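A short write-up of the structure that comes next.
Since this is a predicted model, take the numbers as computed values, not measurements. As the structure lists them, so they are numbered: ligands from 1, and atoms in each ligand from 1.
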Amino acid sequence: MRILTGLQPSGQLHIGNYFGAIKPAIDAQGEGDGYYFIADYHAMTTTHNAQALRDNVRGVAIDFLACGFDPSKGVFFKQSAVPEVNELAWILSTVCPMGLLERCHSYKDKVAKGISANHALFAYPALMAADILLYDSNVVPVGEDQKQHLEVTRDLVGKINDQYGEGTLVMPKARIRENVAKVPGLDGEKMSKSYNNTLPIFGDEKPSKKLIMRIETDSTPVEDPKPTEGSIILALYQLFASEPEYQQMFEDYENGGCGYGDFKKRLATAYWDYFAPMRARREELLKNPDEVDAVLANGAQKAREEASIVLDRVRKAVGLS
Ligand code: ADP
Ligand code: TRP
């Protein structure tokens, strides 16, 4: 079984990205034959600054490896290291009705946010379909927001196989991460870089802990019981603390006698300790850029070999060779 997923290189990663996307991807390693790539062509639909693109791609590569991705158990590469994906995207575009792309929420949302509607932004789902189909992927773990793009992909497989023969492309399945709880932001809304309410995975110690100390709380006196329902501190603490530690804080909320300052300090410590091993690994990687380059180069080579097999098959089927 081949599992494939793409990560958008979009700046500093936050703990919502970690628990919602990175950790599930790393946990899925070993379940099958894993392909993971950094979607730099996709990032170009919204980023037109060469240095920013380069920096973001490198940053995600380092962070993903630091978070525990094991390159010996899967293939990790940069999307643009396999330019063949563009040829498959073109072939898919030739059977892709305009209406299918016009209906995509992600495109409409981005345009509504003021992102200029260039052709690549519109054609984004066709390239995403090519990402998936170029490697004969079976399972594609994604967030709920990508569900529609997987439906487009499956539609395109149906059209190609109807037109050019069953077996030209492999039909993939989405694995929607429904059971992944939404990580709340520091203001209680969903954590998102667009809401300015994030806690970074790899921020500096003082400013990151300060973000926690500034979480807004009510004015319950220290000695009184505190409401556990809807508590941002408790919800975040549960992600980082052991079960007994979490139970302890929960009881301290219910019993009274501890202030919010104390709870926030416990949260800040648990958060900082949770990422300590990953932070150490990241420091190592930052000192050894060659190691990161080698992982990506090795991944690119494997991905390219696989891609050429699939693309040869497709080229023959459609009459390009
Ligand atoms: P942002 O909302 O900060 O722009 P992205 O849309 O770039 O984040 O999300 C990248 C990945 O991280 C997606 O797979 C998404 O499902 C996941 N993710 C983002 N924020 C959260 C969150 N608060 N809780 C759980 N998962 C999240
Ligand atoms: N569009 C995905 C996102 O925004 C990233 C992505 C690009 C992707 N190509 C993919 C995910 C292929 C899964 C499979 O998160």
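Contacts between Leu127 and ligand 2, counted as non-hydrogen atom pairs separated by less than 4.0 Å, are absent for every part of the residue. Using a 4.0 Å cut-off between heavy atoms, Gln146 contacts ligand 2 through its side chain alone, with no backbone atom that close. The proximity of Val140 to ligand 2, defined as any non-hydrogen pair under 4.0 Å, is limited to the side chain. Contacts between Ile132 and ligand 2, counted as non-hydrogen atom pairs separated by less than 4.0 Å, involve the side chain only. Using a 4.0 Å cut-off between heavy atoms, Tyr41 makes no contact with ligand 2 at all.
Between the side chain of Arg313 and the backbone N or O of Thr168, at least one donor-acceptor pair lies under 3.5 Å. Remark: side-chain polar atoms of Lys226 are paired, donor with acceptor, to backbone N or O of Asp224 under 3.5 angstrom. Using a distance-only test at 3.5 Å, with no hydrogens or angles considered, a donor-acceptor pair links the side chain of Asn86 to the main chain of Pro83.
Here the heavy atom of the protein found nearest to atom 9 (O) of ligand 1 is Asn17 ND2, 3.5 Å. Nearest protein neighbour of atom 24 (N) of ligand 1, counting heavy atoms only, is Val183 N, 2.9 Å. In this structure, the protein non-hydrogen atom closest to atom 11 (C) of ligand 2 is Gly6 N, 3.3 Å. Nearest protein neighbour of atom 7 (C) of ligand 2, counting heavy atoms only, is His42 ND1, 3.4 Å. The shortest contact between atom 18 (N) of ligand 1 and any protein heavy atom is with Gly16 O, 3.7 Å. For atom 7 (O) of ligand 1, the closest non-hydrogen atom on the protein side is Lys193 NZ, 3.0 Å. In terms of protein heavy atoms, atom 20 (N) of ligand 1 is closest to Met191 O, 3.3 Å. Regarding atom 1 (N) of ligand 2, its nearest protein heavy-atom neighbour is Tyr124 OH, 2.7 Å. In this structure, atom 9 (N) of ligand 2 lies nearest to the protein heavy atom Asp131 OD2, 2.8 Å. With respect to atom 2 (O) of ligand 1, the closest heavy atom belonging to the protein is Ser192 OG, 2.9 Å.
At under 3.5 Å, not a single nitrogen or oxygen of Ser194, backbone or side chain, sits near a nitrogen or oxygen of ligand 1. Every N/O-N/O distance between Thr5 and ligand 2 stays at or above 3.5 Å. Residue-to-ligand polar distances keep Gly143 apart from ligand 1: every N/O pair is separated by 3.5 Å or more. Ligand 1 has no N or O atom lying under 3.5 Å from any N or O atom of Asp145, backbone or side chain. In terms of polar-atom proximity, His14 is counted as a contact of ligand 1, with an N or O under 3.5 Å from an N or O of the ligand.
Under the 6.0 Å distance and 45° angle rule, Lys110 counts as a cation-pi partner of Tyr124.
A donor-acceptor pair shorter than 3.5 Å cannot be found between the side chains of Glu284 and Asn288. No side-chain N or O of Tyr35 forms a donor-acceptor pair with one of Ser137 less than 3.5 Å apart. Side chains of Glu243 and Gln247: a donor-acceptor N/O pair is present below 3.5 angstrom, by distance only.
More than 12 non-hydrogen atoms from other residues, nucleotides or ligands lie less than 6.0 angstrom from NE2 of His48. Heavy atoms from other residues, nucleotides or ligands lying under 6.0 Å from CE of Met44 number 12 at most. More than 12 heavy atoms of other shown residues, nucleotides or ligands fall within 6.0 angstrom of atom CD in Glu205.
Leu4 and Tyr36 are members of different hydrophobic clusters when ILVMFWY side chains are connected at heavy-atom separations under 4.5 Å. When the side chains of ILVMFWY residues are joined at heavy-atom separations under 4.5 Å, either directly or via intervening members, Leu234 and Trp272 end up in a single hydrophobic cluster.
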Give the intermediate values and the outcome of salt bridge (Lys or Arg N to Asp or Glu O under 4.0 Å) for residues Arg266 and Asp262. CA-CA 6 Å; Arg266 282 191 236 174; Asp262 173 10; 3.4 Å; yes

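In this structure, atom 15 (C) of ligand 1 has no protein heavy-atom contact shorter than 4.0 Å.
In this structure, Gln8 has no heavy atom closer than 4.0 Å to ligand 1.
Within ligand 1, counting atoms from 1 as listed, the ones closer than 4.0 Å to a heavy atom of Ala21 are 11 (C), 12 (O), 14 (O). Ligand-side atoms of ligand 2 in range of Val142: 11 (C), 13 (C), range being under 4.0 angstrom from any heavy atom. Atoms of ligand 1 lying under 4.0 Å from at least one heavy atom of Lys182, given by number and element, are 24 (N). Short contacts between ligand 2 and Leu4, defined as distances under 4.0 Å to a heavy atom of the residue, involve ligand atoms 14 (C).
In this structure, Tyr237 has its ring center no closer than 6.0 Å to that of Tyr274.
For the pair Lys302 and Asp33, the salt-bridge criterion is not met [side-chain N within less than 4.0 Å of a carboxylate O].
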